[in-house]
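Some notes on the structure that comes next.
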Amino acid sequence: MQTHAIKKLLNGQVDTGESVEIKGWIRTTRDSKGGFSFLVVHDGSCFDGIQVVANNELPNYADILKLFTGCSVIIQGELVESGGKGQSVEIHAQSVEVVGWVENPDTYPVQPKRHTMEFLREVAHLRPRTNTFSAMLRVRNTMAQAVHQYFSQNGYFWLHTPIITASDCEGAGDLFRVSTLDMMNLPKDDKGNIDYSQDFFGKEAYLTVSGQLNAETYACALSKVYTFGPTFRAENSHTQRHLAEFWMIEPEVAFADLNDAAQLGEDFLKFVVKQVLANNMDDMKFFNSFVDKTAIQRLETLCDDSFERVNYADALDILKHSGEQFEYPVEWGLDLQTEHERFLTEKHFKKPTVVMNYPEEIKPFYMRMNDDGKTVAAMDVLVPGIGEIMGGAQREERLDYLLNRMEQHGLDENEYKWYTDLRRYGTVPHAGFGAGFERLVSYVTGLSNVRDVIPFPRTPGTAKF
RNA sequence: UCCCCGGUAGCUCAGCUGGUAGAGCGGGUGACUGUUAAUCACUAGGUCGGCGGUUCAAGCCCGUCCCGGGGAGCCA
């Protein structure tokens, strides 16, 4: 007898009348005093479970009556057309083996009822057994696969950039230190400062906040590369959009400018969304019903419509003449606030919006200076409901401009020699962006908190599980 | 880091101007049923986040700390 994923049985890939075996977990049970029980069994292969009918001729029927949400079972039986409403096929059990009981049904946290997301976060090891989190992971998986599929199909190479880094490229203050020094007995130098030359790497080291600078090196040789891996920020942020550990996608393309990066971001996002619509409709229907009534429509619109592109300067005009009362001022040289970004994408354009060419003083050193001398070739991709979902730029490929901007930002040229070398030896215009994977998953599923689209969220004060 | 809201049964919550606790769901038992968020009856289950204070009396008022959530900033 062959073991089947429940997905195959429900899809009609196995004929009725065949003997089948399934392995999974009980979701609900309903006992009939007519001498049989209905068991709904899930194995995670798809959104739905399959109904199993077990009757009192089974030798362990007394045990079956005690089955409870969460018990693990192996069931053998015949796949038949269902005699009841609500499902096309079901299994008439010839054997029900209970593999694992639920120790105390009274305290098993995942009850067949609605829970708050806050409570489920506290039982993150058991929340995958809920509809919401199993659907989330299937969608997340589709999206992760789609990321690699998209880049692979378009000639990109996947580059594994380091997790541990010694260059604090985005400025200090938000980095996790990596050290093997004995914190109770720190080595000091003459001046009484901690002597990191005695540390593992012989210098200060941190968890990466971005693989971009490393990715640029390979882009300047293999033309099109991307990274997709964990990223760490020690920011003390308490919002629905921030994690201390998250996954970031960073493509980097040689011989490309800012418009190429914007187009890439749009094509990439549409591809990933289409994959979800093509492969996870059951999961999306669930999110559409119970999480966000506009989820599916939002994704379909995204695929059909082209993204709006607007210059920072023009965005300021739109905001100034909007008639909206904003809490924060709209002025040249100030970054757009969350309220401004959301107005643009949610109320004004009502679709994904790429804001381009920001004032140079509010953007990092590596972004390319525009000909106007006051803006850099930066872009933020904004989507309704989330705000910023990607941030990118054309990189400064001209050595003198780059050194100039590094000096302005107070960066030590020697620390970045390897980076500036790219401009000394065969430099090319190149561009790329960074996309927070959890923000993408949040956008797609409608789950508004990124803590609920990653299996085990890390946030300030919380690293359980 | 700043501002706001919350912490009462396994879960979701109610609890009035202070008088030492309630419901629904879930669990258990029973009735009924090709059921499917089943229905009905009965039942068990609580150091009211911690500590301190006010009071004859605190879930409720005051102080403080801890935890959770939302918003801002920072960003992806």
Side-chain angles (χ1 to χ4, degrees), chain A residues 27-40 48-55 65-66 68-70 80-87 90 92 102 104-123 126 130-131 170-171 173-174 209-212 228 230-250 265 290 327-328 334-339 341-342 362-364 380-383 386-392 433-443 448-454 459-462 464:
Chain A
R27 183 64 62 84
T28 58
T29 65
R30 292 176 291 279
D31 301 321
S32 168
K33 289 302 179 289
F36 47 94
S37 295
F38 300 100
L39 315 174
V40 176
D48 289 312
I50 193 165
Q51 175 163 283
V52 173
V53 184
N55 70 35
L65 288 175
K66 291 179 185 152
F68 176 80
T69 305
V80 298
E81 282 185 36
S82 179
K85 296 170 190 165
Q87 60 279 319
E90 63 191 20
H92 284 186
V102 166
N104 181 0
D106 203 36
T107 58
Y108 181 59
V110 185
Q111 299 167 356
K113 58 170 288 191
R114 207 181 173 96
H115 291 291
T116 59
M117 299 304 263
E118 292 78 17
F119 170 69
L120 290 170
R121 270 171 224 149
E122 290 169 12
V123 289
L126 295 171
T130 63
N131 283 334
E170 315 251 313
D174 56 355
V209 295
S210 165
Q212 179 204 314
F228 180 15
T231 309
F232 308 87
R233 303 273 167 94
E235 293 157 355
N236 193 13
S237 302
H238 298 263
T239 80
Q240 298 193 89
R241 308 183 301 282
H242 288 85
L243 292 166
E245 176 184 294
F246 64 101
W247 287 65
M248 190 151 66
I249 300 147
E250 295 174 284
F290 292 99
E327 191 183 338
Y328 288 86
L334 298 180
D335 208 352
L336 298 181
Q337 302 295 317
T338 300
E339 58 175 345
E341 294 181 342
R342 295 187 71 152
I362 57 174
K363 290 292 179 185
D380 283 348
V381 180
L382 315 175
V383 292
I386 305 265
E388 188 179 341
I389 201 167
M390 300 182 198
F433 64 77
F437 185 55
E438 283 71 24
R439 288 190 185 175
L440 295 179
V441 181
S442 172
Y443 176 73
S448 59
N449 196 315
V450 289
R451 284 168 239 183
D452 301 322
V453 298
I454 189 167
T459 53
T462 307
K464 214 182 156 190

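Order of the sequence lines sets the chain letters (A, B, ...), proteins ahead of strands, with each chain counted from 1. We use all heavy atoms of the structure for the numbers below, so side chains are in, but hydrogens, waters and symmetry mates are not.
Distance from the side chain of A/Glu235 is smallest for B/C75 among the nucleotides B/C75, B/A72, B/U35. The nucleotide whose nearest atom lies closest to any side-chain atom of A/His92 is, among B/C75, B/U1, B/G34, B/G34. Comparing B/G34, B/C75, B/G71 against the side chain of A/Gln240 picks out B/G71 as the nearest. Between B/G71, B/A72, B/G34, one nucleotide has an atom nearer to the side chain of A/Val53 than all others, and that is B/G34. Ranking B/G68, B/U35, B/A72 by closeness to the A/Arg30 side chain, first place goes to B/U35.
Evaluation of the ring-ring contact (aromatic ring centres under 6.0 Å, His included) rule for A/Phe437 yields A/Phe228 as partners, not counting sequence neighbours. By the side chain to side chain contact (heavy atoms under 4.5 Å, CB included) test, A/Asp31 is found to be paired with A/Ser37, A/Leu65, residues two or more places apart in sequence or in another chain being considered. The side chain to side chain contact (heavy atoms under 4.5 Å, CB included) test applied to A/Arg121 returns A/Met117, A/Glu118, A/Arg127, A/Asn449, A/Arg451, A/Asp452, not counting sequence neighbours. Residues satisfying the ring-ring contact (aromatic ring centres under 6.0 Å, His included) criterion with A/His92, sequence neighbours excluded, are absent altogether. Partners of A/Phe68 by ring-ring contact (aromatic ring centres under 6.0 Å, His included), not counting sequence neighbours: none found. Not counting sequence neighbours, the partners of A/Tyr328 by the side chain to side chain contact (heavy atoms under 4.5 Å, CB included) test are A/Gln337, A/Glu339, A/His340. For A/Tyr108, there are no ring-ring contact (aromatic ring centres under 6.0 Å, His included) partners two or more places apart in sequence or in a different chain.
Under a 3.5 Å cut-off, the side chain of A/Ser237 and the backbone N or O of A/His242 do not form any donor-acceptor pair. With hydrogens and angles disregarded, a donor-acceptor distance shorter than 3.5 Å links the side chain of A/Arg233 to the backbone of A/Val209.
B/G26 and B/U39 are spaced 7 Å apart, taking the P atom of each and rounding to whole Å. B/G24 and B/C66 have their P atoms separated by 38 Å, given to the nearest Å. Separation of the P atoms belonging to B/A9 and B/C32 is 35 Å when rounded to the nearest angstrom. The separation of B/C75 from B/G52, taken at their C1' atoms, amounts to 41 Å, rounded to a whole angstrom. Atom name C1', nucleotides B/C48 and B/C60: the rounded distance is 10 Å, in whole Å. Distance noted for atom P between B/C62 and B/C4: 15 Å (whole Å). Only the P atoms considered, B/G7 is 12 Å distant from B/C16, to the nearest whole Å. When the P atom is used for both B/U64 and B/G27, the distance is 43 Å, rounded to whole Å.
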**Item:** Residue pair A/Glu245, A/Thr231: steps toward the side-chain hydrogen bond (donor to acceptor under 3.5 Å, both in side chains) verdict
**Value:** CA-CA 6 Å; A/Glu245 176 184 294; A/Thr231 309; over 6 Å; no

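Between A/His242 atom NE2 and B/C2 atom P there is a gap of 18 Å when expressed in whole angstrom units. In this structure, A/Arg27 places its CZ atom 15 Å from P of B/G26, rounding to the nearest Å. Atom CG in A/Leu39 sits about 11 Å away from atom C1' in B/U35, given to the nearest Å. Going from atom CZ of A/Arg241 over to atom C1' of B/G71 covers 9 Å, rounded to whole Å. Rounded to whole Å, atom C1' of B/U35 lies 16 Å from atom CD1 of A/Ile50. Nucleotide B/C75 holds its C1' atom 9 Å from the NZ atom of A/Lys363, rounded to whole Å. Atom CD in A/Glu327 sits roughly 7 Å away from atom C1' in B/A72 (whole-Å rounding). Atom pair A/Gln51:CD and B/A38:P shows a separation of 12 Å (rounding to whole Å applied).
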Using atom names, set out every protein N or O paired with an N or O of nucleotides 8-12 of chain B below 3.5 Å, distance rounded to 0.1 Å.
residue : atom : partner  : partner atom : Å
B/G10   : N2   : A/Gln111 : OE1          : 2.8
B/G10   : N3   : A/Gln111 : NE2          : 3.1
B/C11   : O2'  : A/His115 : ND1          : 3.3
B/C11   : O2   : A/Lys113 : NZ           : 2.3
B/U12   : OP1  : A/Thr116 : OG1          : 2.8

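Side chains of A/Val40 and A/Ile50 form no contact here, defined as non-hydrogen atoms less than 4.5 Å apart.
Heavy atoms of A/Thr239 sit under 4.0 angstrom from at least one base atom. As judged by a 4.0 angstrom heavy-atom cut-off over every strand, A/Phe68 is placed among residues touching the sugar-phosphate backbone only. Counting non-hydrogen atoms under 4.0 angstrom, A/Ile389 reaches the backbone sugars and phosphates but no base. When heavy atoms are screened at a 4.0 angstrom cut-off, A/Glu438 is found touching no nucleic acid atom at all. Counting any heavy atom pair closer than 4.0 Å across all strands shown, A/Thr462 reaches sugar-phosphate atoms only and no base atom. Across all strands, A/Arg121 comes closer than 4.0 Å only to sugar-phosphate atoms, never to a base (heavy-atom distances). Counting any heavy atom pair closer than 4.0 Å across all strands shown, A/Asp31 reaches a base atom.
A close approach under 4.0 Å does not occur between any side-chain nitrogen or oxygen of A/Gln337 and OP1 or OP2 of B/A72. Listed pair A/Arg451 / B/G69 meets the phosphate criterion, a side-chain N or O lying under 4.0 Å from OP1 or OP2. Contact annotation: A/Thr338 reaches the phosphate of B/G73 (side-chain N/O to OP1 or OP2, under 4.0 Å). Within the structure, every side-chain polar atom (N or O) of A/Asn236 is placed at least 4.0 Å from both OP1 and OP2 of B/G73.
Salt bridge status for A/Lys363 with A/Asp380: present, with a side-chain N to carboxylate O gap under 4.0 Å.
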**Request:** Quick one: the dot-bracket string of RNA chain B, using Watson-Crick and G-U wobble pairs with both distances under 3.5 Å, [ ] for crossing pairs and | for bases paired to another strand.
**Result:** (((((((..((((.....[..)))).(((((.......))))).....(((((..]....))))))))))))....

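Contact of A/Ser237 with B/C74 (side chain to base): a donor-acceptor pair of N or O atoms is detected under 3.5 Å. Side-chain atoms of A/Gln87 and base atoms of B/U35 include a donor and an acceptor less than 3.5 Å apart. Residue side chain A/Glu90 reaches the base of B/G34 through a donor-acceptor N/O pair under 3.5 Å, judged by distance alone.
Each of A/Phe437 and A/Thr28 was assigned the nucleotide of RNA chain B with the nearest heavy atom; the assignment lying further toward the 5' end belongs to A/Thr28.
Across A/Glu438 and A/Trp247, no two heavy atoms sit closer than the pair OE1-N, 3.0 Å.
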